[in-house]
Structure formats: structure tokens, C-alpha cells
Amino acid sequence: MQQAKTARVPTAKAQTAKAPTAKAQRANPHHAPEPAPEAEPNARERIIAAATRLFCQYGITAVGVDAVVAEAATAKATLYKAFGSKERLVEAVLEREGAAWRDWFLGELLKGEAAPLARLRRIFPVLREWFGDERFFGCPFINAVAEHDKRDDRMRQIALAHKKVVLATLSRLAAEAGARDPEGAAHQLGLLIDGAIVAAMITQDQNVAVLAGEAADLLLARMTAAEAA
């Protein structure tokens with residue numbers, strides 16, 4: 001991973017925010033939760049939490065290890081002992097972020113009793129809630145690939161591994177809804193999801209999810225109509 005000249009970021013004190021509300025924690029998994037006073041995290045967890053906050057808001061290449069250890073209130077030697085390099089820290093953050101986002105997003109689609117088609121129609125209302133959160137900074141995977149050397153296959157493979165898990169669930173729901181080509185339907189929905197995330201990050205308008213949802217409704221209607229014919 002190539003590292004650009006480290007940019008200045010606010011000090012740890014300036015970045016410390018008030019603990020988010022329960023709704024904010026549910027709506028935006030792309031930030032480390034504030035630790036409970038009785039459960040002070042160890043140094044490794046503090047480093048991941050600090051790196052998550054800084055990487056998501058300021059970008060991976062703009063944030064150096066000095067800023068991370070200052071935010072985590074630990075030593076640089078501790079970071080290198082735990083992760084070996086900034087590159088491995090980035091991978092640990094993406095792994096943690098991906099797991100948190102999938103648990104939240106797929107959990108919202110699958111919770112309760114609902115038909116497969118109804119679950120698929122939850123996609124963009126759920127994303128709209130996320131887009132409206134003050135800590136929404138886009139998709140860490142899209143951002144990571146965009147920031148790095150486009151020939152660096154490592155970031156791309158990490159992003160694809162995350163995407164495959166999401167697409168597998170969408171494909172299963174499409175199959176249960178009767179789609180003739182569930183994988184194709186899942187990829188079309190995935191394109192709408194990625195486009196909505198990027199558009200919301202750029203415009204800071206959560207209602208792009210409404211427009212993407214309308215396009216998804218047309219796709220789902222065509223899918224079910226084809227099967228009924």
C-alpha cells in the first residue's frame with residue numbers, strides 16, 4: 001500500500017465526540033462504539049476504534065500512525081506490535097467494519113416475519129436511515145479502493161469478499177421470491193446500492209436512497225412479472 005504524505009488531522013481531543021444515541025449506533029455501524037466505563041478496551045481495541053474513526057472521516061492515506069496512536073492514547077510501538085504495519089491495521093479495520101455493517105444491514109433485511117420480496121424492498125429505506133446519520137462517510141471499502149493504487153489487488157479483493165457476502169443474501173432472497181436469474185437480480189440491486197452510497201456521500205442527501213428505491217421497485221416488479229407470465 002502506498003502512503004501519501006501524512007496530512008494534518010485534528011488532535012484526539014478535538015475529535016472526541018459525544019456518545020451517539022441508540023438510534024445513531026443502530027443506523028450507522030461504520031464507527032466504533034463508545035466503550036462502557038466498566039469495560040475499558042485494551043490497546044489493540046483502542047487502536048482499531050481510533051483508526052476506524054479517523055480513516056472513515058479523513059481517509060486512509062491522510063491519516064498517519066502518529067494520529068492513530070494519539071487518538072488511541074497508546075504508543076507507536078504498541079501499534080506495530082499488534083498489527084505489524086499500517087497496511088495490516090487497515091485490513092483489520094476493514095474486516096471489523098465489514099462484519100459490523102453486514103450484521104446491521106442484513107439483519108435489518110431479515111428481521112421479523114416478511115416475504116422475500118418485502119425483505120428486498122427494505123433495502124433502500126434501511127440505507128436512507130444510514131445516509132441520514134451524522135457519521136455517514138460512505139462505504140469504507142469503496143473509499144479504500146478509490147484511495148489506493150488501482151493496480152493494488154489487495155484492497156480490491158478485500159472489497160469483493162465483503163460484497164460477495166451481501167450479494168449471496170440478495171441472491172437467495174431473489175430466488176425465494178421466484179426470480180429466474182437470482183444472481184443477476186442481486187448484482188443489479190448491488191449496483192443500485194453502490195451507486196446510492198456514493199451519491200449520498202457526495203451530495204449529503206439521504207433522499208438519493210428514495211430514487212434508488214424507485215429504480216429497485218421497477219426491477220423487482222419486472223422480475224416478479226416475468227415469473228408470473
Side-chain angles (χ1 to χ4, degrees), residues 1-10 14-15 17 20-21 23-32 51-64 67 90-91 93-102 104-106 108-109 120-152 154-167 170 186-220:
M1 180 187 303
Q2 295 180 343
Q3 182 174 345
K5 183 178 179 181
T6 302
R8 291 183 177 273
V9 297
Q15 292 163 9
T21 64
K23 180 178 179 181
Q25 290 182 6
R26 182 178 67 253
N28 187 352
H30 284 330
H31 65 78
T52 298
R53 289 191 292 270
L54 296 176
F55 290 164
C56 286
Q57 183 169 355
Y58 300 104
I60 294 169
T61 57
V63 175
V90 170
E91 292 177 9
V93 166
L94 291 175
E95 180 180 352
R96 180 75 61 86
E97 286 291 272
W101 192 86
R102 292 190 302 271
W104 164 75
F105 178 70
L106 299 179
E108 289 295 303
L109 299 189
L120 290 172
R121 288 191 171 119
R122 290 174 177 174
I123 291 173
F124 293 97
V126 169
L127 289 179
R128 184 179 183 277
E129 181 183 0
W130 178 35
F131 297 165
D133 190 273
E134 63 180 3
R135 297 193 188 193
F136 170 71
F137 300 117
C139 171
F141 297 94
I142 294 174
N143 295 346
V145 172
E147 281 194 62
H148 289 85
D149 184 345
K150 304 307 175 289
R151 294 168 295 183
D152 180 0
R154 179 58 181 159
M155 287 296 106
R156 184 175 292 104
Q157 291 303 318
I158 292 172
L160 287 174
H162 165 73
K163 181 180 287 292
K164 284 179 180 178
V165 178
V166 178
L167 291 176
L170 299 183
H187 279 281
Q188 288 176 309
L189 290 169
L191 287 172
L192 290 173
I193 290 169
D194 288 346
I197 291 172
V198 172
M201 179 182 66
I202 293 172
T203 65
Q204 296 185 324
D205 181 1
Q206 69 189 94
N207 289 317
V208 298
V210 177
L211 297 176
E214 291 173 354
D217 286 342
L218 293 174
L219 167 65
L220 297 172

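Note that the structure is a prediction, hence the values are computed from the model and not measured.
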Those residues at least two apart in sequence (or on a different chain) that pass side chain to side chain contact (heavy atoms under 4.5 Å, CB included) with Leu160 are Arg156, Gln157
Does the distance from a Lys or Arg side-chain N to an Asp or Glu carboxylate O, for Arg135 and Asp133, drop under 4.0 Å? no
Taking all non-hydrogen atoms of both residues into account, name the closest pair between Ala159 and Val145 and its distance. CB-CG2, 4.0 Å
Residues Phe124 and Ala196: closest non-hydrogen pair is CE2-CB, 4.2 Å
In chain order, what residues pass the salt bridge (Lys or Arg N to Asp or Glu O under 4.0 Å) check against Asp194, with sequence neighbours excluded? Lys163
Assess the residue pair Asn143 and Met201 against the criterion (side-chain contact (heavy atoms from CB on, under 4.5 Å)); give the C-alpha distance rounded to whole Å, side-chain angles, the decisive distance to 0.1 Å, and a yes or no. CA-CA 10 Å; Asn143 295 346; Met201 179 182 66; 3.6 Å; yes
Would a 4.5 Å heavy-atom cut-off, applied to side chains only, mark Gln206 and Phe136 as touching? no
Can you list everything that forms a salt bridge (Lys or Arg N to Asp or Glu O under 4.0 Å) with Arg122? Sequence neighbours excluded, please. none
Chi angles and distances behind the side-chain contact (heavy atoms from CB on, under 4.5 Å) call for Leu220, Arg121: CA-CA 8 Å; Leu220 297 172; Arg121 288 191 171 119; 3.8 Å; yes
Do Glu147 side-chain atoms and Ile60 backbone N/O form a donor-acceptor pair below 3.5 Å? yes
Which atom pair, heavy atoms only, marks the closest approach of Ile193 to Phe105? CD1-CZ, 4.3 Å
Residues which pass side-chain hydrogen bond (donor to acceptor under 3.5 Å, both in side chains) with Glu214, listed by chain and number, not counting sequence neighbours: none
Mind checking the CD1-CG spacing from Ile123 to Leu192? Nearest 0.5 Å is all I need. 8.5 Å
State, to 0.1 Å, how close Ile197 and Cys139 come at their nearest heavy-atom pair, and which atoms those are. CG2-N, 3.6 Å
Separation of Arg128 CZ from Leu211 CG (nearest 0.5 Å): 11.0 Å
Within a radius of less than 6.0 Å around NZ of Lys164, do more than 12 heavy atoms belonging to other residues, nucleotides or ligands occur? no
Trp130 side chain near Trp104 side chain, heavy-atom distance below 4.5 Å: yes
Least distance between heavy atoms, Leu189 atom then Ala216 atom: CD2-CB, 4.0 Å
Partners passing side chain to side chain contact (heavy atoms under 4.5 Å, CB included) against Ile158 (at least two apart in sequence or in another chain): Glu91, Leu94, Phe141, Arg154, Met155
Checking side-chain contact (heavy atoms from CB on, under 4.5 Å) for the pair Glu97/Phe55: CA distance, chi angles, key distance, verdict? CA-CA 11 Å; Glu97 286 291 272; Phe55 290 164; over 6 Å; no
Mind listing the closest non-hydrogen atom pair of Ala51 and Val93 along with its distance? CB-CG2, 3.7 Å
Who pairs with Gln204 by side chain to side chain contact (heavy atoms under 4.5 Å, CB included), at least two apart in sequence or on another chain? none
